[in-house]
Asker: 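I'd like to ask some things about the structure below.
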Amino acid sequence: MDKRGERTAETTDPTGGDGHIDPATEAFVAHRALLFTLAYEMLGSAADAEDVLQETWLRWVGVDLEQVRDRRAFLVRIATRQALDRLRMLRRRRESYIGPWLPEPLLTAPDVADNVELAESVSMAMLLVLETLTPTERAVFVLREVFVLSYDEIAEAVDKSPAAVRQIAYRARAHVAARRPRAVVSPADTRAALRAFQHAIESGELRNLIDILAPDVVYLGDGGGSVQAMPQPVVGAVAVARLLSLGLNTFTAGVSTEPVQINGYPALRLRRNDEIDSIVALRVEDGLITGFYAVRNPRKLSRVETETELAR
């Protein structure tokens with residue numbers, strides 16, 4: 001059962017109790033991680049990605065498989081259309097979101113970090129860049145750049161002509177290129193920056209951390225109106241250092257920190273009184289911290305204790 005008490009392909013016995021897996025279930029289960037990754041990259045929300053998978057499954061079981069030449073492509077097409085519909089709805093909802101909005105963080109396995117392209121595509125920094133695209137641009141970019149689908153396949157998924165898809169892909173690539181990190185983020189640099197931040201939290205000493213703040217560093221805190229967080233982005237090394245300095249006394253009171261892999265990159269999981277308080281992820285370029293992402297909204301912290309499988 002899922003959170004609404006409905007049966008899903010993941011939780012239902014795929015053999016039907018007789019040891020035989022029906023072809024529809026077999027195909028869906030085989031591509032489930034890919035479909036989840038696609039929906040998550042389009043939505044930035046694991047909860048909504050799971051809903052997309054549920055909707056995809058309900059449509060998939062009604063398909064005549066004898067008429068389907070490529071089951072993976074067909075499933076991707078269904079999931080893309082469901083994700084596009086949900087993304088348009090979420091855009092309206094996020095306009096009234098309290099404070100900065102950040103993607104829902106995922107605890108990921110080491111193999112995600114080993115896949116550089118996959119890790120970059122699901123990183124907090126990239127997902128924030130994708131938020132600046134239109135829904136159709138985002139779908140086309142993800143399908144083309146991440147999943148390497150042909151223009152004809154993408155055209156079927158987004159109900160556009162191949163020529164239109166090419167134009168959309170060109171605009172989306174240019175938009176993302178202007179806003180994404182200038183180089184692939186080094187996990188080693190990220191770990192070093194996180195160690196400095198962890199030391200600052202545990203010792204109250206900010207000096208080493210200030211030394212690695214970029215002049216234009218941005219701090220985003222997502223509390224979703226449920227817990228305390230900065231209502232607006234904080235920009236600049238001086239302002240971010242001041243914010244961190246003021247917050248250290250709060251951070252250090254009953255807080256423990258542990259390194260984890262979040263969205264394919266090193267991050268910190270903070271616990272207060274044995275309860276998860278927040279996830280802190282960083283964007284690091286040229287050895288300097290250019291982005292602080294602190295997710296405190298309790299509704300977004302349900303996927304940071306158990307690893308989520310991702311796939312391309």
Side-chain angles (χ1 to χ4, degrees), residues 36-49 87 90 94 97 99-110 112-113 115-133 138 141-142 145-146 175-176 179-194 197-198 212-214 216-224 229-230 233-235 240 244 257-270 276-285 288-305 307-308 310:
F36 175 86
T37 306
L38 165 66
Y40 176 73
E41 290 193 29
M42 285 185 60
L43 302 170
S45 163
D48 287 294
L87 181 57
L90 290 176
R94 286 172 189 171
Y97 194 82
W101 178 92
L102 288 172
E104 183 177 351
L106 303 177
L107 183 68
T108 50
V112 175
N115 187 329
V116 176
E117 292 179 345
L118 176 59
E120 184 189 14
S121 71
V122 298
S123 68
M124 300 288 277
M126 178 57 76
L127 291 176
L128 284 173
V129 172
L130 295 182
E131 279 292 304
T132 64
L133 299 175
R138 185 166 185 169
F141 181 87
V142 169
E145 302 300 317
V146 179
H175 187 97
V176 171
R179 291 163 177 79
R180 74 193 309 171
R182 291 184 293 274
V184 175
V185 177
S186 163
D189 286 347
T190 304
R191 280 192 292 270
L194 280 167
F197 181 62
Q198 187 174 11
I212 57 173
L213 293 179
D216 56 351
V217 60
V218 177
Y219 178 98
L220 298 175
D222 182 343
M230 293 302 296
V234 179
V235 183
V240 170
L244 294 174
T257 62
E258 56 183 322
V260 290
Q261 288 282 338
I262 295 293
N263 290 53
Y265 282 93
L268 284 182
R269 182 167 57 196
L270 278 60
I276 295 179
D277 176 88
S278 54
I279 290 291
V280 176
L282 303 178
R283 172 173 168 172
V284 178
E285 297 181 57
L288 297 177
I289 299 173
T290 59
F292 264 101
Y293 311 122
V295 182
R296 299 199 67 220
N297 184 345
R299 293 187 296 275
K300 292 186 177 183
L301 298 176
S302 64
R303 304 292 289 254
V304 297
E305 290 200 274
E307 291 178 356
T308 297
L310 301 176

Asker: What are the two closest non-hydrogen atoms of Leu43 and Ala49, and how far apart are they?
Answerer: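 Heavy atoms only, the tightest pair is CD1-N, 3.9 Å.
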Asker: Once side-chain contact (heavy atoms from CB on, under 4.5 Å) is applied, do any residues pair with Val234, and if so which ones, sequence neighbours excluded?
Answerer: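 Expected list: Tyr219, Met230, Ala239, Val240, Leu243.
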Asker: Check Ile212 against Ala193 and note the closest heavy-atom contact, atom names and distance.
Answerer: CD1-CA, 3.7 Å
Asker: Using side-chain heavy atoms (C-beta onward) and a distance below 4.5 Å, is Leu128 in contact with Leu220?
Answerer: yes
Asker: Below 4.5 Å, heavy atoms only, C-beta onward: do Phe292 and Leu244 meet side chain to side chain?
Answerer: yes
Asker: Does some side-chain heavy atom of Ser121 sit less than 4.5 Å from a side-chain heavy atom of Glu117?
Answerer: no
Asker: Once rounded to the nearest 0.5 Å, what's the spacing between atom OG of Ser123 and atom CZ of Arg180?
Answerer: 8.5 Å
Asker: Just to verify, what does Asp216 make a side-chain contact (heavy atoms from CB on, under 4.5 Å) with, not counting sequence neighbours?
Answerer: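 Scan of Asp216 (side-chain contact (heavy atoms from CB on, under 4.5 Å), adjacent residues dropped) gives Ala214.
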Asker: Would you list the atom pairs, donor with acceptor, under 3.5 Å between side chains in residues 100-110 and any protein atom, with sequence neighbours excluded?
Answerer:
unit_1, atom_1, unit_2, atom_2, d
Glu104, OE1, Ala46, N, 2.8
Glu104, OE1, Ala47, N, 3.2
Thr108, OG1, Gly264, N, 2.9

Asker: When you compare the side chains of Tyr293 and Asn263, does any donor N or O come within less than 3.5 Å of an acceptor on the partner?
Answerer: no
Asker: Going from OH on Tyr97 to CG on Leu90, what distance comes out if it is rounded to the nearest 0.5 angstrom?
Answerer: 12.0 Å
Asker: When rounded to the nearest 0.5 angstrom, what is the spacing between OG1 in Thr257 and CG in Leu268?
Answerer: 5.5 Å
Asker: Give, for atom CD of Gln198 and atom CG of Leu270, the distance between the pair rounded to the nearest 0.5 Å.
Answerer: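 It comes to 8.5 Å.
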Asker: Determine, stepwise, if the pair Met124 / Arg283 fulfils side chain to side chain contact (heavy atoms under 4.5 Å, CB included).
Answerer: CA-CA 8 Å; Met124 300 288 277; Arg283 172 173 168 172; over 6 Å; no
Asker: Quick check: closest heavy atoms across Thr190 and Pro266, and the distance to 0.1 Å?
Answerer: CG2-O, 3.5 Å
Asker: What pair of heavy atoms forms the shortest contact from Val218 to Pro233, and how long is it?
Answerer: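 For Val218 versus Pro233, the nearest heavy atoms are CG1-CB, 4.3 Å.
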Asker: How far apart are the closest heavy atoms of His175 and Leu133, and which atoms are they?
Answerer: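 Minimum heavy-atom contact is CD2-CD2, 3.4 Å.
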Asker: Measure the shortest side-chain to side-chain distance between Leu118 and Thr37 over non-hydrogen atoms and say whether it is less than 4.5 angstrom.
Answerer: yes
Asker: Let me confirm one number: the CZ-OG1 distance from Arg179 to Thr132, rounded to the nearest 0.5 Å.
Answerer: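 The distance works out to 5.0 Å.
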Asker: For Ala229 and Gly221, work out which heavy atoms get closest and say how close.
Answerer: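 In this case the closest contact between Ala229 and Gly221 is CB-O, 3.8 Å.
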Asker: Determine, step by step, whether Thr308 and Leu310 satisfy the side chain to side chain contact (heavy atoms under 4.5 Å, CB included) criterion, reporting the C-alpha distance in whole Å, the side-chain angles of both residues, the deciding distance to 0.1 Å, and the verdict.
Answerer: CA-CA 6 Å; Thr308 297; Leu310 301 176; 4.1 Å; yes
Asker: Side chain to side chain contact (heavy atoms under 4.5 Å, CB included) between Val176 and Met126: does it pass, once the steps are laid out?
Answerer: CA-CA 8 Å; Val176 171; Met126 178 57 76; 4.0 Å; yes
Asker: Would Val112 and Gln261 count as a side chain to side chain contact (heavy atoms under 4.5 Å, CB included) here? Give the steps.
Answerer: CA-CA 9 Å; Val112 175; Gln261 288 282 338; over 6 Å; no
Asker: To the nearest 0.5 Å, what is the distance between CG (Asn115) and CD (Glu120)?
Answerer: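 That separation rounds to 11.0 Å.
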Asker: Do other residues, nucleotides or ligands put more than 12 heavy atoms under 6.0 Å from Glu131 CD?
Answerer: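 Yes - once you tally the heavy atoms of other residues, nucleotides and ligands closer than 6.0 Å, there are more than 12.
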Asker: Is there a donor-acceptor contact under 3.5 Å from the side chain of Arg138 to the main chain of Glu41?
Answerer: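 Judged by distance alone, yes, a pair lies under 3.5 Å.
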